[in-house]
Each structure stands twice: as C-alpha cells, then as structure tokens.
Amino acid sequence: MRTSRRELLREIPAVGRLLDDPRGRELIGRFPRAQVARAIAAAAEGLRRRVQQVPEEELASLEIGSRVVLEAAAARLSELERAHLTRVLNATGVVVHTNLGRSVLAEEAVEALAEAARGYSNLEFDLDTGRRGSRHSHLEEVLCRITGAEAAMAVNNNAAAVFLVLHTLAHGRQVPISRGQLVEIGGSFRIPEVMLASGAILVEVGTTNKTHLADYEAAIREETAFLLKVHQSNYRIVGFTQDVPLPELVQLAHSRGLPVVEDLGSGVLVELGSRQVASEPTVQSSIRDGADLVTFSGDKLLGGPQAGIIVGRRELVERLKRDHLARALRVDKLTIAALEATLRLYLRGEAWERIPTLRMLGTSPELLRRRASRLARALGRALGEAAQVRVLPGTSRPGGGSLPAVELPTSLVEVTPRRITAAQLAERLRHGAPPLVGRVQHDGLLLDLRTIDPKEEALLVRVMRDAAVGEPS
Ligand SMILES: *Cc1c(COP(=O)(O)O)cnc(C)c1O
C-alpha cells in the first residue's frame, strides 16, 4: 500500500541520483557541486521529516519524487544568493538596537556616504595647497564647534577610542578608576581587560557603591598617567551610593598636573531633557567641566555611523594621532562622510528633526497612540480571522546600553494569531521579506511603532499578512 509511511520514505530519491538528473545538473551549472549536494540532502531530509509528521489522512496526497526535492533544493540555493546582510523592520521599540545595527542614519548622512563611495574625494588631500592632507581634518572643526573642545579625531568605535587613549597616554603607567565603573559593555568590552590589553595598569579605587575624592587622592603616584571616569552606561547602582562629580575629579587631577579622561559611552550632543527623554550629561558639559579628553560612540545616542570620537586638549589629541596604533584603528571615508553629515545637522539645529535616533526618542506618546490605532485598524482588515489585533499602553527603551533606567511611554499593537502560536508567527516574520522583529509576550506579538518609520507601515502590514494568514505548517 503506497500510503504507508515506510513505503513513502523509500520513494524519496537518493542524493546521487538527483545530482545526475538533468535538473540537478542544471543547478550544478549555477552553484558549486558540493553546495548543490548539501541543498539536495537538506531538502530530502525535510521531506523525510514531513512524511513522518503529517497526519495519516494527508499521506495519500503528499508529493514525493525528484521534482519536489529538486525544487526545494533550488529554493534553498536561491536563498544563498540573496544578500546575507539585509534590511530588517525593527518593531521592538528599542531605538539603539545593537543587534539590529544601532542607529539608522539621517538621509543627509546616507547621501554623503553614497557620494563618497561613488567617486574620489579629498580624503587625505589638501585642496588649498595641493599637498597631502589629513583624514582627521574633515571632522575636527565641526566636532570642536559642537563640543567646545580644542581638538578632535575619530576612530573605528568607542572601544577603539578608549583603547587608543590608554595605549598612547598610559602604556606601562597607572590609571586609577572607581570600582563602581569597571563595566562590561556587551561581552567583549570590559574595562579591566581593555586596560590590560592596552598596557595600562589598572588601579582600583573606592568600592562598588561608594567612591570618594580621597580614594583617588590616595591612589595618585609618580606612575599615574591620568584619572579615568567611565560612564556606567548599561547599569545603575541605587541606594547607598556616592560618586565623585567630574569637576571635583578635574580639580584634584589638575592640582597634581594630571589629565582627566572621561569615557562617556553614548555621546549625547543635545539636552535629552528638553524633550522629556532623560537627563544625561552631554559631551559639551564634560568639556565645560574640564575633562581633558572625552570619548564616545558615533552610533549610539548621537545617531551616526559606527565610530569612536575623541575630543579634548590639542596636545593630547595630537599625541593620539601620532600613535602607530591610530592607523590600525582609523575610520574609512564612508564613515567620515556619514559622520560629518550627521554632525552638520547638529550645527544647523536640525538634529531632533532629521536624525532618526533622536526623532524616535522624541516622538510624543500622543503621536504614537494615533499611529498605533491606525496600524491596528489596517492590520485588522488585512488579517481578518487569522488574528486578533488591539492597542495596549507600554514602554519603549533607548537601548544600546544607554539610559538603562529610562522607559519611554508608547502604544503597542498586539497581534494574537488564532491558528498558530505567537512564537511561530515571530519565526515566520523573521523569514519575511523584509524580516520583521517584534516582542513576543504571552500569546501575542507586540509591535512598537516608535522604531518604525511611518513610510514603512504599509510594508509592515504586508509582511504581517504574508506571515499570519498562511496555514499552520
Ligand atoms: C558603548 C560603550 C563603549 C563601547 O563603545 P562601542 O562604540 O560600542 O565600541 C565603551 N564605553 C562605554 C561607557 C560605552 O557605553
């Protein structure tokens, strides 16, 4: 009887035979043979699993045979041809989502980046003298004008910035730091390890919850290179705590002829409090308070491309530029173009409107509620009986290890599928075109429009319909 599972399993053709099939040979003409063999084996395995799992009554209608396996293999191979790094719709509400690429660039930055990519540029060419120029020149003036610092440079990311500062100024010398600031920023960036790798000698001062000025004072020796303050970024200590404010640290350090370096992490260049987002120190305030060097990321709350920015005293920045490691950590022209264009938006006073990261953080709860209601209606129409859709109050997060205690009020669209589970829906959406990522909670999938551009909403409805309306698999 053909419908016995064992019988059907035997009908699935062997990989070797399929490779010799004309359609198999056609695939070998387009892809490496080993890849075709792997795809056919995986497709045959998929079919085998299906034979074992389908309900008894569907067995008779199940299609087996070369054509089915080869078509599935061809689909797998075409998937390999698609770009691996692909655009994703971020409906998590986490604005600076490190796993989803941190900051979305402003249009102005995208244009500048494309322009720099398309042709030659004056990257290291001085148009006034016709001689060799410096790649730092494009960013230095604009960074100084925004932050009030004397000098500036950019490197690959903030981890590189901290590493370079330690390597140049503290190799073989001591750097006191509060025990409350020995942070880990996502896996591989841990202050103690970075210091060790740079050749600087870590001197722990104070305790986890309390560090006093006297603790720093007692740690200063002949071998001290500078005093380091690291923004706690992704965690907060609450309760019985004390930290030394930057101006006091600066006063102590300068009275001993030492610089102060501050790793600010996020690098906020506008008052976040002015839009009720959070109260967070700006780079400008650190420079005003006397920090000799400040390091921060380009792609966290600044809203630009991945980069590490260092601003501060000219004499120190010049030493950093001369370090042979600066070459290994330098930024490329695409980053410079995108970062310069982003920074110019700050100078023009257009940052809140034009930079997506800031625009998303500053979106009002009223606007989010209106957008959520509109989307819920559109999804209700598109999904029909396949899901229940409603709007709930909720919170979004700034993300990126910045502002861990901040929760921004938002409205969430909850999609509860009726025929599949929320986890299955989320999985299908991850394989959508483009993939959509939301938050699974209980039986529903939550969508936060804070991180979705209004222009992406129609696309969101389409990928949701494709995923939710299909049959259970
Ligand atoms: C994020 C962060 C870093 C690392 O910055 P990247 O740009 O991710 O390399 C270093 N220090 C602090 C305090 C941070 O918040």
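As the structure is a prediction and not an experimental result, all values here were calculated from the model. Atoms within a ligand are numbered from 1 in the order they appear, just like the ligands themselves.
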* For Gln306 and ligand 1, answer yes if some heavy atom of the residue is under 4.0 Å from a ligand atom, otherwise no. => no

* Per-atom contacts of ligand 1 with Phe189, taking only distances under 4.0 Å to non-hydrogen atoms -> 10 (C), 11 (N)

* Member of Glu124, Glu140, Glu340 meeting the salt bridge (Lys or Arg N to Asp or Glu O under 4.0 Å) criterion with Arg135 -> Glu124

* **ligand 1 contact by Val162, heavy-atom criterion under 4.0 angstrom** => no

* With a 4.5 Å limit on heavy-atom distance, are the side chains of Lys300 and Arg102 in contact? -> yes

* Does atom CG of Asn209 have more than 12 heavy-atom neighbours, drawn from other residues, nucleotides or ligands, at distances under 6.0 Å? -> yes

* Please report which non-hydrogen protein atom sits nearest to atom 14 (C) of ligand 1, along with the residue it belongs to and the distance in Å to one decimal place. => Lys300 NZ, 3.0 Å

* Where is the tightest heavy-atom contact between Leu105 and Ala338, given as atom of each residue plus distance? -> CD1-CB, 4.1 Å

* Asked: For Glu184, is the nearest heavy atom under 4.0 Å from an atom of ligand 1?
  -> no

* Set of residues satisfying salt bridge (charged side-chain N to carboxylate O under 4.0 Å, His left out) with respect to Glu427, sequence neighbours excluded -> none

* Asked: Which of the numbered atoms in ligand 1 are below 4.0 angstrom from a heavy atom of Ser297?
  -> 5 (O), 6 (P), 7 (O)

* To do: Please report the shortest heavy-atom distance between Val270 and Trp352, naming the atom on each side.
  => CG2-CZ2, 3.8 Å

* **Closest approach of any protein heavy atom to atom 11 (N) of ligand 1, naming residue and atom** => Asp263 OD2, 2.6 Å

* Give the residue, atom name and distance (to 0.1 Å) of the protein heavy atom nearest atom 15 (O) of ligand 1. => Ser233 OG, 2.5 Å

* Asked: Counting each atom of ligand 1 from 1 as listed, which ones have a heavy atom of Arg102 under 4.0 Å away?
  -> 6 (P), 7 (O), 8 (O)

Report all side-chain donor-acceptor pairs from residues 108-123 shorter than 3.5 Å, counting only partners two or more places apart or in another chain.
from   : atom 1 : to     : atom 2 : distance (Å)
Glu108 : OE1    : Arg354 : NH2    : 3.3
Glu108 : OE2    : Arg354 : NE     : 2.8
Glu108 : OE2    : Arg354 : NH2    : 3.1

* Should the ring pair His167 and His171 be called parallel, tilted or perpendicular, given that the plane angle runs from 0 to 90° and is split at 30 and 60? -> perpendicular

* Closest heavy-atom contact between Gly267 and Val283? -> CA-CG2, 3.8 Å

* Asked: For atom 5 (O) of ligand 1, what's the nearest protein heavy atom and its distance?
  -> Asn158 CB, 3.1 Å

* Which atoms of ligand 1 have any heavy atom of His231 under 4.0 Å away? -> 13 (C)

* Asked: If you measure every N/O of Leu264 against every N/O of ligand 1, is any gap under 3.5 Å?
  -> no

* **Interfacing atoms of ligand 1 (cut-off 4.0 Å, heavy-atom, Ala159)** => 4 (C), 5 (O), 6 (P), 9 (O)

